[in-house]
Structures are given as structure tokens and as C-alpha cells.
Participant: 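The structure that follows is given in the form of C-alpha cells.
In what follows, chains carry the letters A, B, and so on, assigned in the order in which the sequence lines appear, proteins first and then strands, with residues in each chain numbered from 1.
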Amino acid sequence: MKQRLKTLITQAARKAFEAGAFKSDAFADVELEETKAAAHGDFATNFAMLSAKQQKMAPRKIAQILVDHLEKPEDFIENVEIAGPGFINFFLCKGAWPPVVADILEQDRGYGQVNAGKGRRIQVEFVSANPTGPLHVGHGRGAAVGDSVANILAFAGYAVQREYYINDSGRQIRTLGRSVFLRCKQALDESCVFPEDCYQGDYIRQLALQVIQDKGVDFIRRDEDEAVAYCARFAADAIITGIREDLKNFGVVFDQWYSEQSLFDSGKLEQVIEDLKSRGIIYSHEGAWWFKTCDFGDEKDRVVVRANGLTTYFASDIAYHRDKYLRGMDKVIDVWGADHHGYIPRMTAAVQATGQDREQFDVILVQLVNLLRGGQPVAMSTRAGEFETLKDVVDEVGSDAARFIFLTRDYGSPLDFDLETAKKKSNDNPVYYVQYVHARISSIQSKASGLGLGQARWEPDMGGHLVEAEEIDLMKALSRYPEVIESAAEALAPHRITYYLMNLASLFHTYYNKHRVLCQDVALSSSRLCLVTSVQKVIRNGLTLLGVSAPEKM
RNA sequence: GCGCCUGUAGCUCAGAUGGAUAGAGCAACGGACUUCUAAUCCGUAGGUCGCAGGUUCGAAUCCUGCCAGGCGUACCA
């Protein structure tokens, strides 16, 4: 729709230039926007204002010249007006809209697909929570965002890989082992103290009981080092299994689980560090090895190997990201909690130092989630071991509601997540508002087949029946969907789809309440059935990208 | 101190690349079910877009300064 209009405008500009009416052919890009007020038509362009400088003419005059040279197909453009400082307003014929319904019915799940990615390989790494405890709601938001971004990019023509990075080496795992081990001892001998720097959560006790059950009391008492090591491995494995399960129940499945430890075992970490040393990017200073991140825009250099010989987390990350590109990624997107934002300059530096362009690396910072219950904050502290786990939240409010709510905000803004609201089956809770559209249309369809109308099948003359203002509004919104996808993919912004769906849902509910789809007039009913079926398909497509189901019944 | 994020209706938030009279939902008030699902709809009311300058035909949007809140500034992960 928009594209067709743009083409007409570009042609008109060229024609005007050839006729000598325009002085320059260095035309600005034609930008069309949907108007807010009906008096401004369906679309408007600011072309004349943007061209005023090159043409050295008053905007309104440019607009007039353009309109004079514009071809106005009778079945497409109803009227063109010049308004205000030089806007050109286009009023489209009612008949211009119905073809979108035919497109949607035909393209079905493919409607809105764009090929922005052109098959380029892109990796989205998300969640990547340490395997030292169960996922909490904050991880849930990261999971919803990462998964949806991956869906959107795949739909926009990228070859997408979803990856989870497991921090399964280093101190935190030893601490995990020690925590479980000490809980074992405690279970056998209550006088043993449990230090504050150990993981406090109740799940540690459960794991300890399991260790005792599996390995017996003697194992705990015999060799402490061996027991701690065992506890660490056992606990990490069990927790990862739990995380995987929780994510699956949340509808998130990864293509790859990448182990940090494997970077050590395979020698990849050492290799990258040696390479950077030989290139002088990593240098020795005061007993430690430093990365010249400053050369790439960081505010100070960063340690990769400490004076005690142990590598830092950053060292692993350099090797890890290097490996991502070696595995063939054209672009890498990391989804992090906003508290890691200080880490971006050094990670970007590392990516560039190992041979990639800056554009090949992107970080999505997800702001935190304030969990509420009926407006009152729910206590959340990982260290004290009291937090609401993702599993608890999903069990309570359901995966659909949780995912939708996580995506109702730009991830750059903190999110209040109220458990009571998430459970409400009303307009407070937008997920049901959107899903209800899908269910309502399913219901119309089954009634239609009961009446012998059968499936929605588009006939060219149906467009003539879709003339109500609410119908035009719906078709306008439907025709916008591909642009929404494109912009969501480009800006990595799933919430634009969320908002689009809420708006489309609202238009549908309004229509539904004002007009009957199924009535005495068979031709009219069939036409409207096609329209609402196309709405249903777009709703389903959009919800799918968000990772939310589209129910037939509610 | 320095850096990043945020500041829009009573509340929670949309407003990509600057566009015409700044939008939704909730809460408040008043209406609509013998009809394809009322998990819905219609109407009313609600604003100095944190403040002050600047850029231009035009600024919530871009620039500068200030104010308020959050986060980050490790030989931690």
C-alpha cells in the first residue's frame, strides 16, 4: 500500500524534473506516515518540506508541482490535498484496502515476513544464568526478550542460533560445592556453621540430602576435597537440568548450551590469550596480565590473568566471543541484565581486538523486574535465598501471561510485574485481551461452518462489501503489520509487536461490537468472514513471535 | 567525581529515522448483554512531555546546562 504510493510519488518527482518544473533531481527519500487525523487523509508525506532547500522553492509550491505530475489511479487514490506548511495528504479509495485481506489469507503464516537478514547468521545469547541456583523472574524477562528477539530475527530472514552460556568453572562453582557439602555435614552434625558467603537457598539443603542419599554418610566424612568436588559437579548438573526444565515450561528452547569449562579444556582460552600477548594487546604489569581495552574506547585497561595465575571472567569471555565468530556468526547479540552495562566497553573492545567490526556485536540490556503482589513488593534477594523463582511465577500466572507482560515494555525500562494483575482475566491484563480476539474469531468460524458458509475463501468481488469505517480501520492496521515486523527486527524491539497487537485487538473488539459478521446476506457474511479470518491470522502470527499461544477457546 | 539508563495524564506506560490538535490501559464517573464468547464495547473527565536555553518552516524527539531517581565504575562473577 505504502510502497505503491511511494513509487507513485517518486515517479511524479522524476516527471516534474524532466518537464523542467524541478531544478534538482537530488530528491529526498520519500517518507510516508499514517496520519493521526482523518481530515489529513490516510497517508501524508513531508516530501515538499524536505525538498525546499534543494529546489530553492517554497514547500507549498513544490507540493503543488508534485501533485500536478502525480498519476492518480482511479481505483487507488481518491483525492490529494496540500495542507499546512506543505504536507501532501493522500485520501485512498475504500477499494484500495481489501486486497490486504487476500494477501493475508494467501500468505498465511508467512504474512509480514521480510528478508532484512538475507540469510546472515546471527546468534542471540541469553539467560546464561550461573548454575548456582534456580532462575528467578529477572531471568524470565531476559528469557522472554531473548527468545522473542530470536523469533523476530528469524522471521526477518536471519539464520538465528539461540545459545546459553554456562559459567561452570571458577570460584562460584567451588562455592556451590562447598555450600552443598556443608549442608551435608550440617544434616549429620548440627554444630557445624554455615558461612555467609555460601549459597543460602533452601534448594542447597535439598541437594545435600540427595547427595547423602546417593553416596552415603561415609563419603561425606572420608575425604573432604573429593566430597566437595563431587558436590559441586552434582549440584551444578542438577541445577542446570532444573534450569533447562524451567525454560522449557516457559516455552524457551536453546540450540546450544555452551560450557565455559570447555574453553579451558580445549585450550581455546590459552590460545586466544597467547595470540593477544604476541600481538602486544595483552601486556604484563605488576605481576598480572592486562588487556589494552583502552585502545578500543574503554576507560581503563582490564586484567585477564591475575597475579595469582588465575584467569578472570573477562578472559573466558574473550575466548568465548572469539569462538562465536569462528563458528561462523556474522553478528552476535548478548542479552544482559542492566547491572552489567559497565561491561559493554570492554567486551566491545575484546570483540574488535580479535578481528571483528563493531557492528557485529550488540548488547541488549534488560532492566530489572520489580515483582509485586497486589501492589506490594515481593522480597527478592538471591543472597538471602529468598526470591520468587521463575517456576513459581509461571506455575501461578501461566507462561502466556508472564511472557506477554515481560514484553509490554521496552526492555530499557524497569518493569513492575504484579502477580495479581497477571492472573486477572480482564482488561488490566492485555494478554487475554489479545488472545480473546483469536478465540472470538474461532467461535465465529465454527458458527459459520454450522451455517454452511465453510472456510473463508477470498473472491475478488468481496472487497465491495468491506466498506464500513471499522472495516477500513482494521484493514489499514493489517496492512501495517509488515512494517511493524521490519522495525521490530531492526530495532530489536519486541514490544512494538506487543503494542501493535493490543491496538489491532482493540480495533477488532470495536468492530465486533458494532457489526455482525454472520447475517442474512450470504455475500456480506462471507466477505466479513474473510476479513476476521485475516485478523485472526495476524494475531496468531504476532503472538507466535512473542512466544504466546493463540487459543481457539477461552 | 566519571559513565550509562530513566523522567510524558492520579497510576503503569507507548510515542524508530524531528511533523499537523501528544496517545493507550488502569483507576473515577455515566451507559450497552433475548445477538457470532460482556475476558467485550460506547461516552465523560484528566497534560507546563522534569527545568532552562539553543538548533529550524516545525522539537516529547536533536544539542548544551541544570534538577531528581536507578545502576555501574574490582587482580568479583
Side-chain angles (χ1 to χ4, degrees), chain A residues 29 31 33 35-37 39-40 44-46 49-50 52-53 58-60 83-87 89 130 132 167 170-173 175 260 285-290 299-300 302-314 316-317 337-345 365 367-368 375 408-410 412-416 418 421 424-437 439-448 450-451 483-484 486-488 490-491 493 495-496 498-500 502-503 505-506 508-519 525 528-529 532 553-554:
Chain A
D29 278 345
E31 285 174 28
E33 58 180 24
T35 54
K36 286 171 199 154
H40 298 149
T45 182
N46 56 359
M49 277 103 89
L50 294 179
K53 277 215 173 99
R60 286 194 66 111
F87 287 105
N89 294 331
N130 292 340
T132 55
N167 293 113
R171 199 175 76 181
Q172 68 211 323
I173 292 294
T175 304
E260 180 188 8
H285 176 66
E286 290 181 352
W289 290 90
W290 298 71
E299 57 191 12
K300 57 173 284 197
R302 307 290 174 174
V303 170
V304 285
V305 186
R306 288 181 271 171
N308 64 13
L310 294 175
T311 57
T312 60
Y313 183 89
F314 180 45
S316 299
D317 258 342
D339 54 338
H340 286 72
H341 77 254
Y343 208 75
I344 293 176
L365 284 181
Q367 287 288 342
L368 50 130
T408 49
R409 297 265 177 292
D410 179 5
S413 304
L415 170 70
D416 288 338
D418 195 308
T421 310
K424 271 193 203 161
K425 295 180 173 173
S426 73
N427 226 340
D428 290 15
N429 192 356
V431 62
Y432 297 118
Y433 185 77
V434 174
Q435 287 183 319
Y436 191 44
V437 171
R440 268 185 154 175
I441 295 172
S442 292
S443 175
I444 295 173
Q445 287 162 337
S446 51
K447 176 126 190 205
L451 293 172
E483 294 159 38
V484 172
E486 201 172 355
S487 96
E490 205 215 318
H495 77 281
R496 290 193 190 163
T498 314
Y499 275 88
Y500 171 82
M502 291 193 281
N503 180 252
S506 164
F508 173 79
H509 287 311
T510 298
Y511 175 57
Y512 181 93
N513 276 278
K514 190 157 178 191
H515 303 285
R516 276 192 68 86
V517 173
L518 305 174
C519 56
S525 300
R528 288 182 170 174
L529 188 60
V532 299
K553 273 189 188 152
M554 288 173 72

Participant: Closest heavy-atom contact between A/N429 and A/K424?
Facilitator: ND2-O, 3.0 Å

Participant: Which value, in whole Å, describes the distance between the C1' atoms of nucleotides B/G50 and B/G69?
Facilitator: 11 Å

Participant: Say we look at B/G30 and B/G53: how far apart would their C1' atoms be, to the nearest angstrom?
Facilitator: 46 Å

Participant: Pick the closest RNA chain B nucleotide for A/L415 and for A/I444 by heavy atoms, then say which residue is nearer the 5' end.
Facilitator: A/L415

Participant: Between A/P85 and A/R60, which heavy-atom pair has the shortest distance, and what is it?
Facilitator: O-CG, 3.7 Å

Participant: When the P atoms of B/A32 and B/A38 are considered, how many whole Å apart are they?
Facilitator: 16 Å

Participant: Give me the ring orientation class for A/Y343 and A/H340: parallel if the planes are under 30° apart, tilted from 30 to 60°, perpendicular past 60°.
Facilitator: perpendicular

Participant: Between B/G70 and B/U48, how many Å separate the two C1' atoms, rounded to a whole number?
Facilitator: 25 Å

Participant: Can you tabulate the close N/O pairs, meaning under 3.5 Å, that link protein atoms to atoms of nucleotides 8-12 of chain B?
Facilitator:
from  : atom 1 : to     : atom 2 : distance (Å)
B/U12 : O2'    : A/R409 : NH2    : 2.3

Participant: Mind checking whether A/P430 and A/T408 have side chains closer than 4.5 Å, heavy atoms only?
Facilitator: yes

Participant: To the nearest Å, give me how far apart CZ (A/R516) and C1' (B/C33) are.
Facilitator: 13 Å

Participant: Anti or syn, where syn is a glycosidic angle within 90° of 0; which label fits B/C33?
Facilitator: syn

Participant: Distance check needed: B/A16 P versus A/Y500 OH, whole Å only.
Facilitator: 18 Å

Participant: Please give the distance between the C1' atoms of B/A22 and B/A59 as a whole number of Å.
Facilitator: 12 Å

Participant: Scan A/T510 against the nucleic acid and name what it touches under 4.0 Å (heavy atoms): base, sugar-phosphate only, or nothing.
Facilitator: sugar-phosphate

Participant: Quick one: is the NZ or CZ of A/R440 closer than 6.0 Å to the six-membered ring centre of A/F508, and within 45° of its axis?
Facilitator: no

Participant: How many whole angstroms separate atom CD1 of A/I344 from atom C1' of B/G3?
Facilitator: 11 Å

Participant: Measure the shortest side-chain to side-chain distance between A/W289 and A/R306 over non-hydrogen atoms and say whether it is less than 4.5 angstrom.
Facilitator: no

Participant: With C1' as the reference atom in both, quote the distance from B/U8 to B/C49 in angstrom, rounded to an integer.
Facilitator: 4 Å

Participant: Would you tell me if any nitrogen or oxygen in the side chain of A/R60 comes within less than 4.0 Å of OP1 or OP2 on B/C57?
Facilitator: no

Participant: Roughly how many Å apart are B/C42 and B/U6, using the C1' atom of each and rounding to a whole number?
Facilitator: 36 Å

Participant: Can you name the residues that form a side-chain contact (heavy atoms from CB on, under 4.5 Å) with A/N46, not counting sequence neighbours?
Facilitator: A/E31, A/M49, A/L50, A/F87

Participant: Can you give one letter per nucleotide of nucleotides 17-31 of chain B, going 5' to 3': B for a protein heavy atom under 4.0 Å from the base, S for sugar-phosphate only, - for none?
Facilitator: --BB----SS-----

Participant: Reading RNA chain B from 5' onward, which residue's closest nucleotide shows up sooner: A/S413 or A/Y432?
Facilitator: A/S413

Participant: So A/Y500 and A/H495, do their side chains get closer than 4.5 Å, heavy atoms only?
Facilitator: no

Participant: For A/K514 and B/C36, give me the distance from atom NZ to atom C1', rounded to whole Å.
Facilitator: 18 Å

Participant: Between B/U64 and B/A28, how far is it from one P atom to the other, in whole Å?
Facilitator: 44 Å

Participant: Within less than 4.0 Å of OP1 or OP2 of B/C36, is there a side-chain N or O belonging to A/K447?
Facilitator: yes

Participant: Listed by chain and number, what are the side-chain contact (heavy atoms from CB on, under 4.5 Å) partners of A/R516, not counting sequence neighbours?
Facilitator: none

Participant: For the side chain of A/N89 and the backbone of A/A44, is there at least one donor-acceptor N/O pair under 3.5 Å apart?
Facilitator: no

Participant: Where are the stems of RNA chain B, defined as at least 3 consecutive Watson-Crick or wobble G-U pairs with both distances under 3.5 Å?
Facilitator: B:1-7 with B:67-73, B:10-13 with B:23-26, B:28-32 with B:40-44, B:50-54 with B:62-66

Participant: Reading nucleotides 69-77 of chain B 5' to 3', which nucleotides get B (base under 4.0 Å from a protein heavy atom), which S (sugar-phosphate only), which -?
Facilitator: --BSS-BSB

Participant: Return yes if some donor-acceptor pair links the side-chain N/O of A/H509 with the main-chain N/O of A/S506 below 3.5 Å, else return no.
Facilitator: no

Participant: How close or far is atom P of B/A39 from atom OH of A/Y512, stated in whole angstroms?
Facilitator: 10 Å

Participant: Are A/S413 and A/Q367 close enough that a side-chain donor and a side-chain acceptor fall under 3.5 Å?
Facilitator: no

Participant: Using a 3.5 Å distance criterion without hydrogens, assess whether the side chain of A/N503 forms a donor-acceptor pair with backbone atoms of A/Y499.
Facilitator: no

Participant: Which one of A/T311, A/L310, A/T312 satisfies the side chain to side chain contact (heavy atoms under 4.5 Å, CB included) criterion with A/V305?
Facilitator: A/T311

Participant: Minimum heavy-atom separation for A/H285 and A/W290, please, with both atom names.
Facilitator: O-NE1, 3.1 Å

